[in-house]
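The next block holds one structure in the form of structure tokens; read it before the comments.
Being a predicted model, the structure only gives us computed values, none of them experimental. In what follows, every heavy atom counts, from backbone to side chain, and hydrogens, waters and symmetry copies are set aside. For the single chain, residues carry numbers from 1 onward in sequence order.
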Amino acid sequence: IARFCDKNAMNIDGLSATLYFTANDGYSLPDTITVTNAGYQWTKSTGKLVLRDPTGPITVTVKGVEILPEVYDIQTIYTPSHFVADASNPTTIEEGTTVQLKFTIADHVDFGTVSATGAAVSHSVSGQVLTVTLNNPVGPVTVTMTSRPTYDITVNLSHVSAASSNADKI
């Protein structure tokens, strides 16, 4: 906590003084402070401390309160038979961080899209592995993945030729 004293705020008889405090990065000013040997008025929003009517040497104790990042839940929505979530996938994301979720895409499934609410999202697919990256959450995160099943087409021909451009899946 940083402090400075406003010399101009001292009254004429010298029995009051105004001090100001600011919190260091990652901390906020506390709701309450401790003052011995003087009356006082503490205003957290401005960091202003007015001391009055001292009875001896004054001790002021101001302890900054650590600002902890918010932690948000991650919910995933997908068709379970189309994706298998990695057991190590996180279920929460902390404010200001990035996490990755990994899924194995089932055989005979075409991956569709990934969208998210509550965080920025990007994704990549390598083989059968879908990696979803979430960052900068602003609240609880919901990730939605779409997909559709694919089916092989088997053509049995007898005395007939098929075009080479025919689809082999649907």
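Side chains of Gln128 and Thr104: no donor on one and acceptor on the other come within 3.5 Å.
Linking Ile, Leu, Val, Met, Phe, Trp and Tyr residues whenever their side-chain heavy atoms come within less than 4.5 Å places Phe103 and Val125 in a single cluster. Val109 and Tyr151 are members of different hydrophobic clusters when ILVMFWY side chains are connected at heavy-atom separations under 4.5 Å. Linking ILVMFWY side-chain heavy atoms closer than 4.5 Å, directly or via other members, places Ile58 and Phe21 in a single hydrophobic cluster. In terms of hydrophobic clustering, with Ile, Leu, Val, Met, Phe, Trp and Tyr side chains grouped at heavy-atom distances under 4.5 Å, Leu19 and Ile33 are assigned to a common cluster.
Pairs of residues two or more places apart, or lying in two chains, that qualify as salt bridge (Lys or Arg N to Asp or Glu O under 4.0 Å) and include a residue from residues 95-112 are Asp110-Arg148.
Atom-to-atom distance recorded for Gln100:CD and Ser88:OG is 10.5 Å, nearest 0.5 angstrom. The line from CG of Leu29 to NZ of Lys48 is 14.5 Å long, rounded to the nearest 0.5 Å. To the nearest 0.5 angstrom, Thr97 atom OG1 is 8.5 Å from Asn136 atom CG. Considering OG1 of Thr92 and OH of Tyr72, their distance stands at 12.0 Å, rounded to 0.5 Å. Rounding to the nearest 0.5 Å gives a distance of 9.5 Å between CE of Met145 and CD1 of Ile77. Leu134 contributes atom CG, which lies 8.0 Å from atom OG of Ser122 (distance to the nearest 0.5 angstrom).
Shortest non-hydrogen contact noted between Pro137 and Ala119 is CA-CB, 3.9 Å. Contact between Val141 and Gly118 at its shortest, heavy atoms only, is CG2-O, 3.8 Å.
More than 12 heavy-atom neighbours from other residues, nucleotides or ligands sit within 6.0 angstrom of CG on Leu157. Annotation for Lys44: atom NZ counts as buried by contact number, over 12 foreign heavy atoms lying within 6.0 Å.
Although no hydrogens or angles enter the test, the distance criterion places a donor-acceptor pair under 3.5 Å between the side chain of Thr146 and the main chain of Thr113. Of the possible polar contacts, one joining the Asn37 side chain to the Pro57 backbone as a donor-acceptor pair under 3.5 Å is found. Distance alone, capped at 3.5 Å, is enough to place a donor-acceptor pair between the Trp42 side chain and the Pro30 backbone.
By the 4.5 Å heavy-atom criterion applied to side chains, Leu101 and Pro90 are counted as neighbours. Between Val60 and Thr34, the closest side-chain pair of non-hydrogen atoms is not below 4.5 Å. Side-chain contact between His82 and Pro149 is present, with at least one heavy-atom pair separated by less than 4.5 Å. Under the 4.5 Å side-chain criterion, counting only non-hydrogen atoms from C-beta, Ile74 is not in contact with Thr91. Looking at Thr131 and Ser126, their side chains never come closer than 4.5 Å, going by heavy atoms from C-beta outward. Counting heavy atoms from C-beta on, the side chains of Glu94 and Pro69 come closer than 4.5 Å.
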Residue pair Val114, Val121: steps toward the side-chain contact (heavy atoms from CB on, under 4.5 Å) verdict = CA-CA 8 Å; Val114 172; Val121 64; 3.7 Å; yes
message = side-chain contact (heavy atoms from CB on, under 4.5 Å) for Thr133 and Thr98? Distances and angles first, verdict last.
response = CA-CA 7 Å; Thr133 303; Thr98 297; 3.5 Å; yes
Kindly determine whether Ser147 and Phe83 satisfy side-chain contact (heavy atoms from CB on, under 4.5 Å), including the steps that lead there. CA-CA 9 Å; Ser147 58; Phe83 299 95; 3.5 Å; yes
Exercise for the section: Could you check Leu49 against Tyr40 for side-chain contact (heavy atoms from CB on, under 4.5 Å), going step by step and ending with a plain yes or no? Expected result: CA-CA 7 Å; Leu49 173 63; Tyr40 67 94; 3.7 Å; yes
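Within the 6.0 Å centre-distance limit, the rings of Phe111 and His123 are counted as a close aromatic pair.
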